[in-house]
Amino acid sequence: MKDTIEQQLSDWIKRVFTEVFPGEPMEGLHLDVVPTSNEKFGDYQCNATMALAKQVKKKPRDIAETVVHHATLPENVERLEIAGPGFINIFLNTSWMSTSLEKNQQDPDSVVPQPGARKTVIIDYSSPNIAKPMHIGHIRSTVIGNALDRIYRYLGYTVIADNHLGDWGTQFGLLIMGYRHFLNETALEEHPIEELERIYVKSYEKSKQDDAWLDQAREELVKLQQGDPTNKTVWEEFVQLSLGEFEHIYKRLSISFDLVRGESFYNENLPETMNQLKDLDLLKESEGAQVVFLEEEKLPVCIVKKRDGGFNYATTDLATITSRVKEFEPDRVIYVTDERQQLHFNQIFTIAKKMGIKTKLVHIWFGLMQLPEGTFSTREGHVIKLERLLDEAETRALEIVQTTSPNMNANQQKEVARAVGIGAIKYADLSQNPQSLVTFTWEKALSLDGHSAPYLQYAYARIASIKDKYAEQFPAIHLDDYPIRLEDPLERRLGIKLIRFQETVHRAAKHYRPNFIADYLYDLAQTYSAFYQNVPFLKAKKGVRESRIRLCTMVGFVLGQGLDLLGIETPKRI
RNA sequence: GCCCUCGUAGCUCAGCAGGAUAGAGCAUCGGAUUUCUAAUCCGAGGGUCGCAGGUUCGAACCCUGCCGAGGGCGCCA
């Protein structure tokens with residue numbers, strides 16, 4: 001099995017507890033082993049004795065004594081210590097750590113847990129609207145969704161990344177009207193999205209004053225949804241132009257999807273979905289609309305067919321779920337959207353369950369992004385386009401590269417600036433709890449020092465450099481012939497952190513929290529930087545030198561792997 | 001009115017579902033490059049974890065109330 005060390009120790013300590021207290025119910029107790037809060041307490045700790053104390057009417061310390069006395073240590077544990085009110089501190093066997101790291105280095109795949117084997121997960125993320133530019137509000141879904149995508153793939157899941165485009169909404173009536181009356185063909189050719197946005201805004205403004213205009217727009221929408229060929233052609237043009245532009249951004253962000261299906265794709269399933277609801281007797285009429293009441297679940301009513309006969313988002317999403325479940329048989333479907341959709345998904349998931357859908361449906365929401373001057377809105381022009389943010393990041397990164405690496409050729413500088421700039425933007429989002437509300441500032445989004453992607457990339461580049469230097473100076477030595485030693489406290493500290501990578505990824509996946517990985521990588525890089533700064537590598541004596549280079553190599557591997565899970569590149573030189 | 005979040009150092013944020021002395025970055029101050037990339041490292045100061053109760057061996061974390069911020073609540077997506 002490829003269990004993480006944390007998992008192995010947890011399983012072991014649970015066995016010990018059940019042996020010491022046979023017949024004692026342990027279900028409600030938290031018997032898992034967790035990393036220690038401080039390295040002086042060892043590597044992992046078990047806090048279960050305090051919880052168990054009341055239940056078995058014994059003192060926590062006595063329980064700890066009994067457990068420690070009874071336990072047969074597994075090969076990776078050096079010793080146990082009892083501390084404080086009854087903590088059981090676990091110290092890993094350092095020589096076991098060394099051989100374990102050596103094995104990992106030879107066969108890195110062998111330690112990657114594969115909970116996702118033979119399981120499919122659909123991740124619905126990014127999902128911009130057709131005919132509107134992507135702005136900074138889209139960055140979170142895109143970047144967080146993509147990180148989850150990568151993390152789940154790493155853990156062996158078959159991931160279907162699905163970009164669920166907003167291509168079927170009410171905006172198309174207004175757009176078609178705008179297209180007919182205000183279109184500037186040249187502008188459309190040069191800046192398609194800007195032009196579509198312009199005609200949309202113009203049409204929207206006219207609709208506010210002109211009821212006939214609005215009625216006409218509604219009619220065009222109905223015609224489109226009924227398959228009118230003229231409108232369909234225009235709509236297809238909108239979609240193609242938008243996709244081209246989105247694709248450009250995704251390429252810059254190194255993001256690719258397995259499916260790009262808009263809401264329109266599920267249009268034909270809508271009547272069937274309605275029939276299912278009807279057959280299950282979930283459909284009720286209310287104020288002229290077809291609705292599903294969710295009073296038992298204490299949720300507001302959900303409209304699935306409007307008074308005017310049109311379907312809305314709820315219906316489309318239900319049809320989407322049934323279609324996905326039927327086609328891919330996923331183990332779970334993950335939606336990554338902002339917090340405003342919590343109620344919506346709550347309703348949809350509840351109805352889906354009533355419809356007999358067993359698939360685990362998860363809504364991962366994140367806090368809304370706002371500007372210092374308030375919430376942004378397309379209509380009021382308070383938007384910062386994503387493209388501009390990316391440009392700005394690369395520009396700022398380039399300035400720094402030019403001053404710190406003046407000897408690098410211009411192309412390489414540009415390439416490094418690209419990786420660093422884009423990395424910084426992604427990291428700024430991925431290193432914090434997704435659920436916190438974020439106020440966008442250029443300074444924060446483009447931070448290039450401190451707790452940021454470039455710090456990690458820098459550590460990576462230094463490792464790549466030192467490996468090259470080593471290979472140059474000692475071409476004849478085979479590193480694998482020398483064991484990894486964890487004798488210096490700095491080395492051991494690095495060792496335990498390397499070992500903890502797998503459980504970190506596992507935890508990030510379990511809680512849908514890429515920032516756990518970001519935190520871990522930063523911690524690892526900090527530990528490495530201290531190591532790098534304080535002990536010699538190339539000038540260490542033979543054996544120690546090889547061991548340290550092997551450790552460097554492993555840190556580099558984990559940094560590269562971890563950053564890749566966040567979608568961040570690691571240039572060899574920066 | 002009801003529901004969902006958030007409130008942690010001057011600023012930006014972590015804090016591994018209740019554990020030991022609450023941690024980073026930025027900013028400020030003081031140190032470290034004849035030596036492996038100084039985009040670095042070492043050190044210092046800085047805290048009523050919004051406020052008030054409660055639960056228990058133990059609370060930033062759970063419960064209740066209040067204050068402040070964001071979002072949502074029938075024909076938008």
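Every chain is numbered from 1 and lettered A, B, ... according to where its sequence line falls, protein lines coming before strand lines.
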Listed partners of A/W213 passing ring pair (Phe, Tyr, Trp, His ring centres under 6.0 Å), at least two apart: A/H181, A/F182
Sugar-phosphate, base or nothing in reach of [X], heavy atoms under 4.0 Å:
X	result
A/N433	sugar-phosphate
A/L437	sugar-phosphate
A/A53	nothing
A/Y458	base
A/I574	base
A/W168	nothing
A/D468	nothing
A/S37	base
A/N515	sugar-phosphate
A/D519	sugar-phosphate
A/K284	nothing
A/Q171	nothing
A/Q435	sugar-phosphate
A/V33	nothing

Parallel, tilted or perpendicular: which describes the rings of [X] and [Y], with under 30° parallel and over 60° perpendicular?
X	Y	result
A/W442	A/F440	perpendicular
A/Y427	A/H451	perpendicular
A/F531	A/F537	tilted

Of A/G166 and A/F41, the one whose closest RNA chain B nucleotide lies more 5': A/F41
Would you mind telling me which residue lines up with the more 5' stretch of RNA chain B, A/N129 or A/Y455, judged by nearest nucleotide? A/Y455
Is A/D32 salt-bridged to A/K14, going by a charged N under 4.0 Å from an acidic O? yes
Side chains of [X] and [Y]: does their closest heavy-atom pair fall under 4.5 Å?
X	Y	answer
A/R396	A/E392	yes
A/L389	A/L446	yes
A/I176	A/F238	yes
A/S264	A/W235	yes
A/I364	A/V362	yes

A/S10/A/Y44 under side-chain contact (heavy atoms from CB on, under 4.5 Å): CA gap, chis, key distance, verdict: CA-CA 10 Å; A/S10 292; A/Y44 292 89; over 6 Å; no
Using atom NZ of A/K572 as one end and atom P of B/rU37 as the other, report the distance to the nearest whole Å. 15 Å
Whole-Å gap separating P (B/rC36) and CZ (A/F531): 16 Å
N or O in side chain of [X] less than 4.0 angstrom from [N] OP1/OP2:
X	N	value
A/R462	B/rA38	yes
A/R513	B/rG15	yes
A/K132	B/rA77	no

Which glycosidic conformation, syn or anti, is assigned to B/rU5 if syn requires a torsion within 90° of zero? anti
Give me the distance, rounded to whole Å, that separates [N] from [M] when you measure between the [atom1] atoms they each carry.
N	M	atom1	result
B/rA9	B/rG25	C1'	12 Å
B/rA44	B/rC61	P	29 Å
B/rC66	B/rG7	C1'	14 Å
B/rA52	B/rA59	C1'	15 Å
B/rU48	B/rG53	C1'	15 Å
B/rG47	B/rC51	P	14 Å
B/rG70	B/rC16	P	27 Å
B/rG65	B/rC4	P	11 Å

Do A/N346 and A/Q342 have side-chain N/O donor and acceptor atoms under 3.5 Å apart? no
Mark yes or no for a side-chain to base donor-acceptor pair under 3.5 Å between A/N89 and B/rA20, with no hydrogen or angle criteria applied. yes
Is there, by distance only and without an angle test, a donor paired with an acceptor across the side chain of A/Q45 and the base of B/rG19 below 3.5 Å? no
Contacts under 3.5 Å, N or O only, protein and nucleotides 73-76 of chain B:
| from | atom 1 | to | atom 2 | distance (Å) |
| --- | --- | --- | --- | --- |
| B/rC75 | O2 | A/R307 | N | 2.7 |
| B/rC75 | N4 | A/E287 | O | 2.6 |
| B/rC76 | OP2 | A/K306 | NZ | 3.3 |
| B/rC76 | O2' | A/T170 | OG1 | 3.3 |

Does anything in residues 538-548 of chain A form a salt bridge (Lys or Arg N to Asp or Glu O under 4.0 Å)? List the pairs, not counting sequence neighbours. A/E491-A/R548
What's the closest nucleotide to the [X] side chain, out of [options]?
X	options	answer
A/V416	B/rA39, B/rA14, B/rA20	B/rA39
A/L538	B/rG19, B/rA14, B/rC36	B/rC36
A/S465	B/rA39, B/rU37, B/rC4	B/rU37

Using a cut-off of 4.0 Å between protein heavy atoms and nucleotide atoms, how would you tag nucleotides 24-31 of chain B 5' to 3' with B, S and -? SSS-----
I'd like to compare against my own output: the B/S/- annotation of nucleotides 55-66 of chain B with a strict under-4.0 Å heavy-atom distance to protein. -SB---------
What base-paired stems does RNA chain B take part in, with at least 3 consecutive Watson-Crick or G-U wobble pairs and both distances under 3.5 Å? B:1-7 with B:67-73, B:10-13 with B:23-26, B:28-32 with B:40-44, B:50-54 with B:62-66
Side chain to side chain contact (heavy atoms under 4.5 Å, CB included) partner of A/L566, chosen from A/I517, A/D429, A/V143: A/I517
Report yes or no: does A/S436 contribute a side-chain atom to a donor-acceptor pair with the main-chain N or O of A/N433 at less than 3.5 Å? yes
Of A/Y125, A/F349, A/F366, the one forming a ring pair (Phe, Tyr, Trp, His ring centres under 6.0 Å) with A/Y335 is A/F349
Quick check on side-chain hydrogen bond (donor to acceptor under 3.5 Å, both in side chains): which of A/Q347, A/H344, A/Q341 does A/D317 satisfy it with? A/H344
Near-parallel close stack of A/F87 and B/rG19 base (under 5.5 Å, under 30°): no
Are A/K306 and A/F311 in a cation-pi setup, meaning NZ or CZ lies under 6.0 angstrom from the ring centre and within 45 degrees of the ring axis? no
